[in-house]
Structures are given as structure tokens and as C-alpha cells.
Amino acid sequence: MKATQLEQMKEDYSYIMKTKENTRLQIEQGVERLRELKLHYCEKKERYKSIGFVNEMRNHLEDLRHKMAWAVVSEMEREIQPIKECIRVEEERTEKFVQKLEECQVKVNEAEEKYKAIQDKLVMISEEAQALHPQCISSKADVQAGRKAFNEAEALYNRFRTELKRLGRDDEQLRKRIEELKNSANQVSEPEKLERQRKIAQLREHLKAFHDQEIMIGQQMDQFQQAIYKYKEEQTTLRKEEHDVKQALDAKLKQLRELKDSKTNTLKRFGPHVPSFLEAVETAYRQGRFKYKPVGPLGAFIHLKDAELTLAVESCLKGLVQAFCCDNHNDERNLQILMSKYYPPGFRPQIIVNKFQDKVYDVRHRGVHHPEFPSVLTALEIDDAVVANCLIDIRSIETVLLIKSSCKAREVMQSNRPPKNCREAFTAEGDQVFERRYYSSDYLRPKYLSKDVEAEISHLEKEVENKKAQLTTSQQHLHSIEKEIRQNEDHLHCHRRHQKELQIKIRTTNAEISDLENTEEHQSVDIRTLEDEAEENKNKMESVKQDMLQQSGKMEELKNILQAAEKKFEEMKEKIQQVEEIAGPVKDELNQADSEVENCKRRLQHYEDKQKGHLACIKRRRELLADKEKELEEKIAQARQIYSERIEVSRTVKSLDAEMNRLRERINSEKDRHGSREEIIQQFFDAKEKYEDANSKVKNLKKFIKLLEEIMTQRFKIYRQFLRLLSLRCKLYFDHLLRIRAYCGKILFDHKNETLSITVQPGEGDKTSLNDVRSLSGGERSFSTVCFILSLWSITESPFRCLDEFDVYMDMVNRRIAMDMMLKVADSQRHRQFILLTPQSMSSLPTSTLIRILRLQDPERGQTTLNFRNRNEEEENQ
């Protein structure tokens with residue numbers, strides 16, 4: 001039945017009958033509701049007829065409303081008249097401003113002409129001075145060139161003279177030497193000469209050995225000296241590091257003491273003297289020394305919403321965390337005096353003077369707003385509005401973003417355009433990020449604003465231990481270096497003593513060699529050579545004297561040229577000075593004329609500004625007049641909408657309004673007694689509309705029920721007929737298919753109980769002896785099942801027909817007949833697709849374009865598990 005749409009028809013029939021019953025119930029309820037609406041309608045109709053007496057007062061009120069509209073127009077016309085008169089007076093004054101401006105313009109023109117004439121005169125003088133300038137520069141260059149040439153000639157002359165003196169000294173020495181040699185007559189024997197040469201050779205060997213020892217000792221001394229320098233540099237570095245570590249250790253110990261003290265008093269985090277200082281401030285305030293009590297330290301009023309941003313906020317605020325805020329400068333001076341008693345010189349915190357206010361500034365229009373990251377202002381909970389305003393004024397915390405990640409901060413501030421009103425940002429590590437710059441933080445951990453004091457104390461204790469260990473290691477290293485320095489200095493002193501002893505031996509040996517060589521020198525000199533050298537030296541002296549004479553004449557000539565150039569240069573300087581003296585008074589006249597022009601222009605500008613102000617005033621009055629006239633036109637248009645003809649009204653708007661209010665009060669009192677007229681009319685028409693609408697719906701539903709009953713009766717007859725015809729068709733087709741195999745059988749349909757039964761008799765037997773299909777053999781049952789399925793296919797409308805293993809229990813004859821039957825059915829129904837699954841061979845089927853056979857490979861009989869693979873892996877391999 002599902003395949004033949006009979007079941008859907010049956011369900012539709014049931015649904016329609018249910019809907020019909022619901023509609024019948026609605027009609028019964030509607031009839032009852034209709035009676036109630038009719039009673040309500042009659043009641044409202046009676047009340048509607050009883051409200052006619054209020055109309056007279058309403059008509060009178062409408063007349064007053066007409067008069068009121070035109071009275072407003074008359075009053076506005078009277079208001080416009082003074083504005084028109086004022087505009088007329090101001091326009092008459094405009095002529096005076098124009099006349100004054102023309103006079104000032106004439107004076108400006110005269111002053112500018114005078115200024116231009118003086119300027120032209122000064123330009124002429126300047127051009128004359130500029131014309132002299134290149135000549136002056138040329139003369140100066142000539143003087144410099146002459147002086148340079150003279151100096152070079154003089155230097156050359158002096159060199160010649162020095163050379164002549166040197167040659168004279170050499171000539172004198174040569175002559176003395178020649179005389180000494182000629183006077184020497186002592187001759188030495190040959191054996192003594194050989195003995196002296198042997199001694200000299202022996203002494204030279206000793207001298208060479210001493211020199212080698214001295215070089216080796218010098219190298220060793222250099223090594224010791226370099227080692228000492230290296231160790232001393234390292235010692236200096238280590239001492240500096242030791243000093244830095246000691247200072248850092250003292251600072252950490254001090255900070256640790258302050259943190260431990262702050263466990264009982266949080267103010268001690270800002271310094272051990274802060275609690276006592278604040279008590280002194282409180283005492284001074286009670287004594288009247290302050291107009292307003294100073295606020296501070298500012299960090300004591302700040303609390304962070306996110307503890308991870310503590311270091312970022314401290315890096316942003318820096319010294320402001322310890323700062324104080326005063327309302328006025330007198331309070332600032334008193335606070336400075338008080339601070340000098342508690343803070344050492346150079347460590348006084350900052351004092352900010354800012355007017356105290358009870359409310360925090362509204363910075364929504366100039367603050368930064370980011371959907372993901374907070375500003376410093378929004379990330380803080382500030383206890384005092386004075387502190388918040390002070391930080392906004394001094395540090396602009398509303399424009400500073402806090403971004404935990406440095407990469408994200410660079411992306412927000414530098415990769416893209418920074419958010420609106422954002423100047424800078426700080427990361428969780430305290431780094432400062434600008435649009436084109438990035439600065440790393442000097443702080444590693446927060447000092448003042450951290451909430452977890454125990455964690456900070458633990459961290460500081462670890463840092464103190466590390467610093468102590470670092471200091472111990474540094475001191476040990478320093479002691480070892482000092483020991484190395486002492487050892488190298490001892491070695492250096494020993495080598496220096498040895499070097500001095502060698503130097504004494506070298507000097508003694510050199511002296512002995514010199515004595516032996518000097519004894520032999522007089523005998524080895526050639527007197528003729530010295531005489532030739534003396535002759536050559538004399539010739540050189542003559543040549544140098546000639547050169548000196550020539551150079552002296554050249555010097556005199558260059559001196560004359562230099563004096564002439566200097567004289568010409570002085571004359572040019574005097575001419576330029578004269579021109580400049582003439583230009584001085586002209587410049588003063590030009591400045592005076594310029595001042596006069598500026599004064600005239602200022603006066604002109606003054607009157608132009610006044611004229612602009614006057615014209616702006618006229619423009620404002622005209623705009624006001626235009627607005628008033630526009631408003632008047634609107635009022636006239638409104639009055640014409642209220643009442644088209646103009647009414648001359650002598651009464652004022654106020655009196656008309658008072659009378660209208662009295663009438664409204666009377667009408668309202670009547671409304672309170674009888675109700676609102678509009679409301680009564682509206683209720684009457686609403687009740688009438690509801691009654692008529694309900695009456696129409698009830699009539700339409702009754703007509704619909706009647707028509708539905710007729711349609712459903714006809715539809716049910718057709719349904720029964722369609723059911724009977726389909727059953728008969730299926731029976732006949734089943735019987736026809738069985739007869740192909742010489743079987744007989746029948747199908748019985750029980751539509752009431754929704755069952756069917758099949759009986760089949762193989763062969764041409766008695767029809768009265770039909771058997772149930774369960775008593776048939778496997779092949780007979782399979783064939784009967786195929787016939788039954790083909791019978792069902794004849795009455796169903798499905799586009800796909802599928803059968804699986806339909807011929808498993810059939811013999812070859814039944815299988816062939818069944819296959820022919822199905823192929824015949826499929827050929828007659830080509831608009832449908834038939835899918836048949838069987839383990840048997842289909843090679844006997846005829847070849848046709850309508851038949852497509854798909855044969856699977858035979859399975860491996862020894863296989864225990866199937867080699868399944870993931871579909872995605874197969875696609876990747878392909």
C-alpha cells in the first residue's frame with residue numbers, strides 16, 4: 001500500500017476527518033461567542049447614542065483654536081518689526097565703515113610707495129657693494145698668492161743659507177783632520193796589530209752573546225709586563241663588578257626588609273619612612289598648614305584588575321608611583337619643607353600641583369578604545385579621583401594601551417596604523433612600544449604594585465642568595481688574580497736586575513773595543529781622500545753662494561709685488577666700507593618706513609575687522625529675520641491648515657489659551673462622567689466590527705463543513721474502487737506469471753486486517769488442493785516469490801527495482817524462466833532501473849545495450865581477514 005500511495009490516501013482521509021471534527025467544534029464555540037458579541041454590540045450602540053450633548057462645547061473650542069492660530073501669527077509679525085528697524089540702522093552705519101577703510105587704504109598705499117622708493121635706493125647701494133665685492137675677493141686672493149710666493153722664496157733662501165753654514169763647518173773639520181794626520185808619525189809593529197784584531201774579535205763574540213741574552217730577557221720582561229697589565233685590568237673589572245654586586249646586594253637586602261615590613265604596613269613598600277611622613281602630613285593638615293591635605297604616594301591608591309600587567313603599569317608610571325599631589329603651590333612649599341626632614345637630599349619624590357576635583361575627567365572622546373586590550377586607565381582601580389586626574393594630566397594614561405604579548409604589541413602599533421588616540425603601548429615585560437620605535441624595559445619585576453607579597457619576598461631571597469654566591473666567587477677570583485700579579489712582579493724585578501748587569505757588561509765591552517779600534521784608526525785613513533773631499537766641499541759652497549744671490553733678487557721682486565697687492569686690497573676695503581656707511585642710514589629709513597607701513601596696515605586691518613564684525617552682526621540679524629519670517633510663514637501655513645481665512649483677533653494668545661483650557665476642563669469632566677467620546681465611538685465600531693467578522697466566519701465555516709462532507713464521501717468511494725482494482729490487477733498478474741511455468745495459485749488480500757496470503761500448486765493439479773508456499777520446495781518457493789514480486793512491481797510506482805539472490809534455490813529451468821520474465825518486464829518498463837544481484841553466472845544472457853553485467857572477482861578461499869583500507873588513503877595513493 002505504501003508503494004501504491006493507498007496508505008498516503010488513507011492517512012490524508014484520516015487527517016481531513018480529524019480536521020473536520022475540529023472545525024465542527026470551532027463552529028459550536030463560535031456560535032456561543034457570537035451571542036456574547038451581539039449583546040456587547042447592542043450595549044455599545046445604546047451608549048453611543050447618548051453622547052451628542054458635548055458637541056456644542058467642542059465646536060466652541062474649535063472656534064477658539066482657529067482664533068488662537070491667527071493670534072500667534074499676529075504676535076510674530078509684531079516681533080519681526082523691531083528686527084527690521086535694527087537692520088535698517090546698521091546698514092546706514094555701513095557707509096561710515098567703508099569711508100574709513102578707503103582713508104586707511106590711501107595711507108597704506110602712500111606708506112608702501114615711500115617704502116618702495118627707499119628700498120630701491122638701498123638695492124642700488126647694495127648692487128654697488130656687490131659689484132665691489134668680487135674685486136675685493138680678487139685683490140685678497142692676489143695678496144694671499146703674493147704672500148705665499150714670498151714666503152716660499154724666503155724659505156728657500158734660508159735653506160741655502162743653512163746649507164752654506166753646514167758646508168763651512170764640514171770644510172773646517174776636514175782641514176783639521178788632514179793636519180792631524182800629517183802631523184802623526186807613530187808607526188805600530190805587525191804582531192801588535194794582529195793581537196789587537198784577535199782581542200777585538202773575541203770581544204765582539206762576547207758582545208754578541210750579551211746582546212742575545214739581553215734580547216731574550218727583554219722578551220721575557222715584556223711577557224711578564226703584559227701579564228701584569230692583563231691581570232691588573234681584570235682586577236679593576238672584578239673590583240668594579242664586586243662593588244656593583246655589593247651595591248645590588250645592599251639594595252636587594254633593603255628592598256627585602258621593606259617588603260617584610262610591608263606585610264604589616266603596605267605603605268612601607270614606598271619607603272621605611274613613608275608611614276611616619278604621612279603621620280606628619282596628617283598632623284600638619286590638622287594644624288591648618290595645608291589648605292587641602294596632600295595626596296600620596298599615588299601608588300598607594302592604585303590597584304590592578306589583572307596582576308599580569310603589574311610590571312607594565314610600573315614601567316609606564318615610573319616615579320609617579322611615589323609622587324605626591326597638592327592642590328596649590330603654597331601647599332607644595334609646605335610639603336617640600338616637611339619632606340626635607342624625612343627624605344635625604346636627591347631622593348625627594350616628585351610633587352605635582354593639580355587642582356583637586358571630586359569627579360574623574362570625562363576622557364571618552366580622547367581616550368583609546370580597543371576591543372581586545374585595555375588602556376592603563378581602564379586596567380586600574382583608582383581609589384581617589386584626584387589621583388586619577390593627576391595621572392591623566394601628567395602621564396595621559398587614557399591613551400596608553402597594555403598588551404601582554406610583545407609580538408601582538410608590535411603588530412598593533414607598528415604593522416598596522418595604531419588605534420585612534422593611542423600614543424604608545426606597554427607589554428607585560430615592561431617594554432615600551434611606539435609607532436616606529438621599541439624600547440626594552442629596565443625593570444625585571446614589579447616593586448610597588450604587586451599584590452603577592454610572599455612571592456616577591458621569596459623571589460628576593462633567592463636573588464639575595466644568588467648575589468651572595470656571586471660576590472663570594474668574585475672575591476675568590478680577585479684573590480687568585482692578586483696572587484698572580486705578585487708572582488709576575490717578582491719575576492719582573494729579577495729580570496730587570498739581570499738586564500742591568502748585562503747592560504754594564506755590554507758598555508764595558510764596547511769601551512774596550514773602541515779603545516783597540518782607535519789605536520789603529522790613524523793608520524787606516526787615506527789623507528788623499530780627505531783632501532779630495534775638502535775640494536769638493538769648497539765647490540759646493542761656491543754653488544750655494546750663487547743660488548743665494550739669485551734667490552735674494554727674486555725675494556726683493558716678490559716683496560714689491562706683495563706690497564702693491566696689499567695696497568690695492570686696502571683701497572677696495574675702504575671703498576666697501578664707504579658704501580656700507582652710506583647704506584646704514586638708508587636701512588634705518590627703510591626700517592622706519594616698514595614700521596609705518598605696518599602701522600597703517602594694522603589700522604586698516606582693525607577697521608576691516610570692525611567692518612567684518614559689523615557685517616557679521618547684520619548677517620546674523622538678517623538670518624534671525626529670515627528664521628523669524630520662515631517661522632512666520634510656517635505659522636501662517638499652520639493657521640491656514642487650521643482655518644483657511646485670516647481672522648483679525650484683538651485678544652492675546654494668553655487669554656485665548658486660558659479660555660481654551662477652561663473649555664477642555666469642562667469637556668474632560670464630561671468625559672469622566674460619560675467617558676471619552678472618541679473612546680465610546682471607537683468601542684462601538686470595534687464591537688460592531690468584531691460581531692460582523694465573527695458572524696461571517698461562522699457562516700463560512702458552516703459552508704466549508706458541508707462542502708467537505710460531500711467531497712470526502714466522493715473521495716472515499718473512489719479510494720475503495722482504486723483499492724479493489726489494484727488488488728485485482730495484482731492477482732491476475734500473479735496468476736498469469738505462474739501459468740508460464742504451468743503453476744496455479746492465488747493471492748488473497750484482507751484490507752480490513754491489512755494482511756495477504758499466497759497459495760501455489762505446482763503443475764496442472766486441482767485448484768482446490770492449493771498449498772501454502774511454506775510446503776513447497778526451495779526452487780518452487782523461489783520461483784513463486786519472483787512471480788509475487790513481479791506482481792507487486794506491476795502496481796507500484798517506484799523508479800528503482802532491486803532483487804538479491806533471487807535464483808539461489810532454483811534449478812536451471814526455473815532460473816531461465818524467471819530471468820526471461822524479469823528481462824521482459826524490464827524491457828517493457830524502460831523508464832525504470834532494475835538491479836539484480838546473484839552469485840550465478842549470467843553468461844547466458846543475450847547481448848544488449850540495455851543490459852549491463854558487473855562481475856566481482858572470486859574471493860581468496862584461504863583468506864582469514866579482508867584487506868580493508870581507508871578511503872582517504874586510497875585517494876592519496878591514486
Side-chain angles (χ1 to χ4, degrees), residues 262 266 269-270 295-325 350 352 354 356-456 459:
S262 68
T266 56
R269 296 192 72 175
F270 302 95
V295 177
L298 301 185
F301 298 88
I302 295 172
H303 310 286
L304 278 98
K305 298 177 182 177
D306 189 351
E308 293 182 9
L309 298 174
T310 306
L311 182 57
V313 172
E314 281 199 20
S315 299
C316 175
L317 300 181
K318 293 183 174 67
L320 291 176
V321 177
Q322 296 178 283
F324 284 77
C325 187
Q350 183 180 358
I352 301 164
N354 197 23
F356 285 4
Q357 295 185 19
D358 296 332
K359 294 182 179 179
V360 180
Y361 297 150
D362 184 5
V363 295
R364 288 175 292 181
H365 63 286
R366 57 189 173 93
V368 59
H369 302 283
H370 196 279
E372 189 176 354
F373 308 113
S375 65
V376 177
L377 181 61
T378 56
L380 297 178
E381 291 179 356
I382 303 175
D383 299 338
D384 197 330
V386 173
V387 176
N389 294 336
C390 181
L391 295 177
I392 290 170
D393 287 336
I394 301 301
R395 191 61 184 86
S396 301
I397 59 174
E398 77 280 6
T399 64
V400 182
L401 278 179
L402 297 176
I403 306 172
K404 293 181 181 180
S405 171
S406 59
C407 297
K408 194 68 177 175
R410 288 180 185 270
E411 180 182 345
V412 172
M413 295 297 295
Q414 297 177 349
S415 297
N416 303 313
R417 187 175 181 181
K420 183 181 179 183
N421 297 329
C422 181
R423 298 189 304 106
E424 57 185 305
F426 283 86
T427 67
E429 292 81 15
D431 298 343
Q432 189 175 14
V433 187
F434 290 95
E435 184 176 358
R436 292 184 179 85
R437 292 164 291 163
Y438 189 99
Y439 299 104
S440 299
S441 174
D442 296 331
Y443 304 99
L444 297 177
R445 293 188 65 83
K447 184 177 180 182
Y448 301 105
L449 304 180
S450 176
K451 293 181 180 179
D452 193 354
V453 181
E454 292 295 336
E456 292 297 322
H459 179 75

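Starting from 1, each residue takes its place in the sequence as its number.
Taken to the nearest 0.5 Å, the CG atom of Leu377 stands 9.0 Å off from the CG atom of Leu391. Rounded to the nearest 0.5 Å, atoms OG1 (Thr399) and CG (Asn421) are 8.0 Å apart. The line from CD of Glu381 to CD1 of Ile302 is 12.0 Å long, rounded to the nearest 0.5 Å. Atoms OG1 and CG, on Thr427 and Leu309 in that order, are 10.0 Å from each other to the nearest 0.5 Å. The distance from atom SG of Cys325 to atom CD1 of Ile394, rounded to the nearest 0.5 Å, is 8.0 Å. Between the CZ atom in Phe426 and the OG atom in Ser406 there is a gap of 14.0 Å [rounded to 0.5 Å].
Applying the salt bridge (Lys or Arg N to Asp or Glu O under 4.0 Å) rule to Arg395 yields the partners Glu424; only residues at least two apart in sequence or on another chain are considered. Partners of Glu308 by salt bridge (Lys or Arg N to Asp or Glu O under 4.0 Å), not counting sequence neighbours, listed by chain and number: Lys404. Residues passing the salt bridge (Lys or Arg N to Asp or Glu O under 4.0 Å) test with Lys318: none are found, sequence neighbours excluded. In terms of the side-chain hydrogen bond (donor to acceptor under 3.5 Å, both in side chains) criterion, residue partners of Asp383 (sequence neighbours excluded) are, by chain and number, His303. With sequence neighbours excluded, no residue forms a side-chain hydrogen bond (donor to acceptor under 3.5 Å, both in side chains) with Asp384.
Cys422 and Met413 get closest at one heavy-atom pair: SG-SD, 3.7 Å. Closest approach of His370 and Pro419 over heavy atoms only: CD2-CG, 3.8 Å. Closest approach of Arg423 and Ser396 over heavy atoms only: NH2-CB, 3.7 Å. When all heavy atoms of Cys316 and Val376 are compared, the pair lying nearest together is SG-CG2, 4.1 Å.
In this structure, Gln432 contributes its side chain and Ala425 its backbone to no donor-acceptor pair below 3.5 Å. Within the 3.5 Å criterion, the main-chain N or O of Val387 finds no donor-acceptor partner in the side chain of Asn354. The closest donor-acceptor contact from the side chain of Gln414 to the backbone of Arg437 lies under 3.5 Å.
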Trace of the side-chain contact (heavy atoms from CB on, under 4.5 Å) decision for Leu401 with Val433: CA-CA 10 Å; Leu401 278 179; Val433 187; over 6 Å; no

Worked verdict on Phe301 versus Val386 for side-chain contact (heavy atoms from CB on, under 4.5 Å): CA-CA 10 Å; Phe301 298 88; Val386 173; over 6 Å; no

Verdict with reasoning, Asn389 to Val360, per side-chain contact (heavy atoms from CB on, under 4.5 Å): CA-CA 6 Å; Asn389 294 336; Val360 180; 3.9 Å; yes

Verdict with reasoning, Leu317 to Ile397, per side-chain contact (heavy atoms from CB on, under 4.5 Å): CA-CA 9 Å; Leu317 300 181; Ile397 59 174; 4.0 Å; yes

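Within the 4.5 Å cutoff, no side-chain heavy atoms of Leu298 are placed close to those of Val321.
Within the structure, the salt bridge (charged side-chain N to carboxylate O under 4.0 Å, His left out) test picks out the following pairs touching residues 364-375 (sequence neighbours left out): Asp362-Arg364, Arg366-Glu398.
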